[in-house]
Amino acid sequence: QVQLVQSGGGLVQAGGSLRLSCAASGRTFSTYDVGWFRQAPGKEREFVAAIRWTGGRTVYADSVKGRFTISRDNAQNTVFLQMNSLKPEDTAVYSCAAVITSVIQTTPPLYRYWGQGTQVTVSS
């Protein structure tokens, strides 16, 4: 059983930066892959980035590649999403999610545990 608590959302100007955090509690969290997803009003939830439990492999959506960086600190049971060069189209509710899996996942139904969601708003 894993609980995920998010922080770090807010309002920024286009071109600015934010760092989201996803803090976990529960046993064996370091064995979980973690993904970040986002959902804008009227849109489907979409994949943003994911990281393997080892931290050795990361995957990014094309829309954020080169701008966002996912990382994890298993000693602190925390996963981060560093968002740079933000664009208005990045505006959404961002959620972290965790799952034990043998292969890194990019689809929401495959993630078992979810954070509460954090609003990110980027003004033009």
Side-chain angles (χ1 to χ4, degrees):
Q1 190 75 13
V2 172
Q3 294 80 45
L4 305 176
V5 179
Q6 301 175 222
S7 62
L11 173 66
V12 297
Q13 297 281 338
S17 298
L18 283 174
R19 189 180 74 160
L20 305 183
S21 297
C22 180
S25 62
R27 65 201 313 171
T28 66
F29 174 72
S30 62
T31 67
Y32 286 77
D33 286 9
V34 174
W36 286 95
F37 300 83
R38 66 187 184 186
Q39 187 169 23
K43 303 295 184 181
E44 295 290 323
R45 182 160 43 191
E46 66 175 349
F47 170 76
V48 176
I51 188 167
R52 285 288 282 168
W53 68 274
T54 62
R57 184 175 181 223
T58 57
V59 178
Y60 297 92
D62 288 342
S63 59
V64 307
K65 196 171 301 181
R67 300 187 297 120
F68 292 9
T69 302
I70 188 171
S71 62
R72 69 188 302 161
D73 184 348
N74 284 343
Q76 299 297 321
N77 292 331
T78 303
V79 173
F80 305 97
L81 184 68
Q82 178 67 46
M83 304 183 293
N84 298 327
S85 301
L86 283 162
K87 305 174 181 180
E89 51 263 45
D90 295 319
T91 295
V93 173
Y94 285 71
S95 300
C96 61
V99 66
I100 294 178
T101 180
S102 61
V103 180
I104 196 165
Q105 306 290 346
T106 61
T107 59
L110 297 176
Y111 284 80
R112 177 171 296 189
Y113 304 104
W114 289 82
Q116 80 277 16
T118 299
Q119 178 69 46
V120 171
T121 302
V122 184
S123 61
S124 59

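Since the structure is predicted, the reported quantities are computational estimates derived from the model, not experimental observations.
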Completion exercise
Interatomic distance, OG1@T78 vs CG@L20, rounded to 0.5 Å, equals 12.5 Å
Practice task
Taking all heavy atoms of R45 and all of P108, pick out the closest pair and write down the distance.
Solution key: NE-CB, 3.9 Å
Problem - Heavy-atom check, side chain of L86 versus side chain of F68, under 4.5 Å - result: yes
Problem - Straight-line distance of I70 CD1 to M83 CE, nearest 0.5 Å - result: 11.5 Å
Handout entry: With E46 via salt bridge (charged side-chain N to carboxylate O under 4.0 Å, His left out) - residues at least two apart
Key = R38
Completion exercise
Here the pair of heavy atoms bringing A14 nearest to S124 is CB-CA, 4.4 Å
Problem - Cluster overlap V122 with W36, hydrophobic side-chain contacts below 4.5 Å - result: yes
Practice task
Give a yes or no on whether L18 and L81 share a hydrophobic cluster (residues Ile, Leu, Val, Met, Phe, Trp, Tyr; joining criterion: side-chain heavy atoms under 4.5 Å apart).
Solution key: yes
Problem - Close side-chain approach of L4 to Q6, heavy-atom, < 4.5 Å - result: no
Practice task
Give a yes or no on whether the backbone of S63 and the side-chain of D90 come within a donor-acceptor separation of less than 3.5 Å.
Solution key: no
Exercise for the section: Kindly assign one of parallel, tilted or perpendicular to the pair F47 and F37, based on the angle between their ring planes and the thresholds 30° and 60°. Expected result: perpendicular
Completion exercise
Value for OG1 (T58) from CZ (R52), rounded to nearest 0.5 Å, stands at 12.0 Å
Going by atom type alone, with no hydrogens or angles, which donor-acceptor pairs under 3.5 Å involve a side-chain atom of residues 95-105 and a protein atom two or more places apart or on another chain?
{"from": "T101", "atom 1": "OG1", "to": "V103", "atom 2": "N", "distance (Å)": "3.2"}
{"from": "T101", "atom 1": "OG1", "to": "V103", "atom 2": "O", "distance (Å)": "2.9"}
{"from": "T101", "atom 1": "OG1", "to": "Q105", "atom 2": "NE2", "distance (Å)": "3.0"}
{"from": "Q105", "atom 1": "NE2", "to": "V103", "atom 2": "O", "distance (Å)": "3.0"}

Practice task
Please confirm whether the backbone N or O of S85 pairs with a side-chain atom of R67, one donor and one acceptor, at under 3.5 Å?
Solution key: yes
Handout entry: Within one Ile-Leu-Val-Met-Phe-Trp-Tyr cluster: Y94 and V2, side-chain cutoff 4.5 Å
Key = yes
Exercise for the section: Decide yes or no for Y111 and V34: does some side-chain heavy atom of the first lie under 4.5 Å from some side-chain heavy atom of the second? Expected result: no
Handout entry: Same apolar cluster: Y60 and V79, side chain cutoff 4.5 Å
Key = yes
Exercise for the section: Please determine if K65 and D62 form a salt bridge, counting it only when a charged side-chain N lies under 4.0 Å from a carboxylate O. Expected result: yes
Handout entry: Neighbour count >12 (heavy atoms, 6.0 Å) for atom CH2, W114
Key = yes
Problem - Between CD on residue Q3 and CD on residue Q116, distance to nearest 0.5 Å - result: 12.0 Å
Completion exercise
Residues at least two apart in sequence or cross-chain that pass salt bridge (charged side-chain N to carboxylate O under 4.0 Å, His left out) with K43, listed by chain then number, are none
